[in-house]
Peer 1: 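One structure coming up, written as structure tokens, with questions to follow.
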Protein chains: 2
Amino acid sequence: MPRSAVRPYSHYSRDAAVLLGQLIRRGRIERKITAAELAQRAGLSRGLVQRIEKGDPGCAIGAAFEAAAIVGVRLFDADQAALSDLVTANQAMLALLPQAARASRIEAKDDF
Amino acid sequence: MPRSAVRPYSHYSRDAAVLLGQLIRRGRIERKITAAELAQRAGLSRGLVQRIEKGDPGCAIGAAFEAAAIVGVRLFDADQAALSDLVTANQAMLALLPQAARASRIEAKDDF
DNA sequence: ATTTTGTGATCTATTTATAGATCATAATGG
DNA sequence: CCATTATGATCTATAAATAGATCACAAAAT
């Protein structure tokens, strides 16, 4: 919530960010990688790695995901190939849904 | 990779961001919520919602997670209570690990 | 077909995140 | 213990993200 965090984050999204940070830190330490090393490998500054591991909601999602990938945290319970497949599958799903939201007749039945 | 994206994002993290965006858009449309409505409820601008749904890696992770929460996208396959429990459990886990990374003798065996 | 409305894209002002230092502290290995 | 080094915190300059418009277009309902 960028602009002068007037509205607070929900408990859910805050916890999600914190959990991701914990998983990254855990993965990093278990692999015996220093924060500076992770930062370098991810192309980030060490300070940013610190904030990511702390669960700071203001961090760029790409930076956090990159760090996660390096220390072996699996996003969406999927490896690289599975993730790619999910993206493709969802593309197809989205093509079937109405493109603008209002009352419509398509009742999406499947989910995966 | 904020500062002058000198290093590219990995395929994995880019896909993860795109997938999250897709899931959010899908959840939003299935719930017949407009982008403007989602933006308002999440405390974001409509433009930011657009970027999040597109999978822009530069978006704040808190903003993306907030939008996800509102349209019912489950992060880490967990509902609010489960997420909170995971955070607590991980806190305990992290307490057992060495606090700085170098050669150590603790061989982390469990994962969950 | 018409009208309404959601969406996508673009622009600017402003806030904010980030890189890159530095310093103090704590934890690790010897 | 001692030496080393990883971490945490803080500061500044700069780049980037965000809010808030506006506009054209597409899509949906009547």
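In what follows, every chain begins at residue 1, and chains take the letters A, B, ... in the order their sequences are listed. This is a predicted model, so every value here is computed, not measured.
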Peer 1: In terms of the nearest nucleotide of DNA chain D, which residue is placed more toward the 5' end: B/Cys59 or A/Gly47?
Peer 2: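 The answer here is A/Gly47.
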Peer 1: Could you pull out all residues at least two apart from B/Arg31 that satisfy side-chain contact (heavy atoms from CB on, under 4.5 Å)?
Peer 2: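 In terms of side-chain contact (heavy atoms from CB on, under 4.5 Å), with neighbours along the sequence ignored, B/Arg31 is linked to B/Ile33.
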Peer 1: Return the 5'-most residue of the pair A/Gly58, B/Ala36 with respect to DNA chain C, ranking by each residue's nearest nucleotide.
Peer 2: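 Residue closer to the 5' terminus by nearest nucleotide: B/Ala36.
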Peer 1: Give a yes/no answer on whether the side chain of B/Arg28 brings an N or O atom under 4.0 Å of OP1 or OP2 in C/dG6.
Peer 2: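 No.
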Peer 1: Please report, rounded to the nearest Å, how far the P atom of C/dT18 is from the CD1 atom of B/Ile61.
Peer 2: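 After rounding, the gap between these two atoms is 11 Å.
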Peer 1: Detail all sub-3.5 Å separations between protein N/O atoms and N/O atoms belonging to nucleotides 24-27 of chain D.
Peer 2:
unit_1 : atom_1 : unit_2  : atom_2 : d
D/dA27 : OP1    : A/Gln99 : OE1    : 3.1

Peer 1: Does a side-chain N or O from A/Lys54 land closer than 4.0 Å to OP1 or OP2 of D/dA9, or not?
Peer 2: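 So the side-chain polar atoms of A/Lys54 do come within 4.0 Å of the phosphate oxygens OP1 or OP2 of D/dA9, strictly under.
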Peer 1: Can you name the side-chain hydrogen bond (donor to acceptor under 3.5 Å, both in side chains) partners of A/Arg14, sequence neighbours left out?
Peer 2: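 A/Arg14 satisfies side-chain hydrogen bond (donor to acceptor under 3.5 Å, both in side chains) with no residue once adjacent residues are dropped.
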Peer 1: Any donor-acceptor pair, under 3.5 Å, between the side chain of B/Arg46 and the base of C/dG6, if you only look at N and O atoms?
Peer 2: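 Looking at the base of C/dG6, it does not pair with any donor or acceptor on the side chain of B/Arg46 (distance under 3.5 Å).
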Peer 1: May I have the distance from A/Ile52 (atom CD1) to D/dT7 (atom P), rounded to whole angstrom?
Peer 2: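 Those two atoms, CD1 and P, are 14 Å apart.
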Peer 1: For a side chain to side chain contact (heavy atoms under 4.5 Å, CB included) check, start with the C-alpha distance between A/Leu38 and A/Leu44, then their side-chain angles and the critical distance, and finish with the verdict.
Peer 2: CA-CA 8 Å; A/Leu38 171 55; A/Leu44 311 172; over 6 Å; no
Peer 1: Expressed as a whole number of angstroms, how long is the span from B/Arg51:CZ to C/dT10:C1'?
Peer 2: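 So the two atoms are 13 Å apart, to the nearest Å.
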Peer 1: I want to verify a distance call: between D/dA9, D/dT18, D/dA19, whose nearest atom is closest to the B/Leu44 side chain?
Peer 2: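 Minimum distance to the B/Leu44 side chain belongs to D/dA19.
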Peer 1: Between A/Ile33 (CD1) and D/dT7 (C1'), how many Å, whole number?
Peer 2: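 Atom-to-atom, A/Ile33 to D/dT7, this comes out as 16 Å.
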Peer 1: Just how far, in rounded Å, is P of D/dA28 from NZ of B/Lys32?
Peer 2: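 Computing the B/Lys32:NZ to D/dA28:P distance gives 13 Å.
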Peer 1: Which of the following nucleotides, C/dG8, D/dT7, D/dA19, is nearest to the side chain of B/Gln50?
Peer 2: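 Nearest listed nucleotide: C/dG8.
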Peer 1: Using whole Å, what does the distance between atom P of nucleotide D/dG8 and atom CG of B/Leu94 come to?
Peer 2: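 Checked: the CG to P distance equals 11 Å.
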Peer 1: Output yes when a side-chain donor or acceptor of A/Glu53 lies under 3.5 Å from a complementary backbone atom of A/Gln22, and no otherwise.
Peer 2: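 Flag not set: sc A/Glu53 to bb A/Gln22 has no pair under 3.5 Å.
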Peer 1: Between the main-chain N or O of B/Ala82 and the side-chain N or O of B/Asp79, is there a donor-acceptor pair closer than 3.5 Å?
Peer 2: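 Yes, B/Asp79 side chain to B/Ala82 backbone: donor-acceptor pair under 3.5 Å.
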Peer 1: Grab the CD1-P distance between A/Ile29 and C/dA26 for me, whole Å please.
Peer 2: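 The answer, rounded to whole Å, is 17 Å.
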Peer 1: Taking only the side-chain heavy atoms of B/Arg25 (C-beta and beyond), determine which of D/dT18, C/dT7, D/dG8 contains the nearest atom.
Peer 2: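 The answer is C/dT7.
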Peer 1: Using whole Å, what does the distance between atom C1' of nucleotide C/dT10 and atom CG of B/Leu48 come to?
Peer 2: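 For the pair B/Leu48 CG and C/dT10 C1', the rounded distance is 16 Å.
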Peer 1: I would like to know whether B/Glu37 and B/Arg28 meet salt bridge (Lys or Arg N to Asp or Glu O under 4.0 Å); could you show each step before the answer?
Peer 2: CA-CA 10 Å; B/Glu37 215 174 312; B/Arg28 176 177 71 77; over 6 Å; no
Peer 1: Is there a donor-acceptor contact under 3.5 Å from the side chain of A/Ser13 to the main chain of A/Ser10?
Peer 2: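 Checked: pair present.
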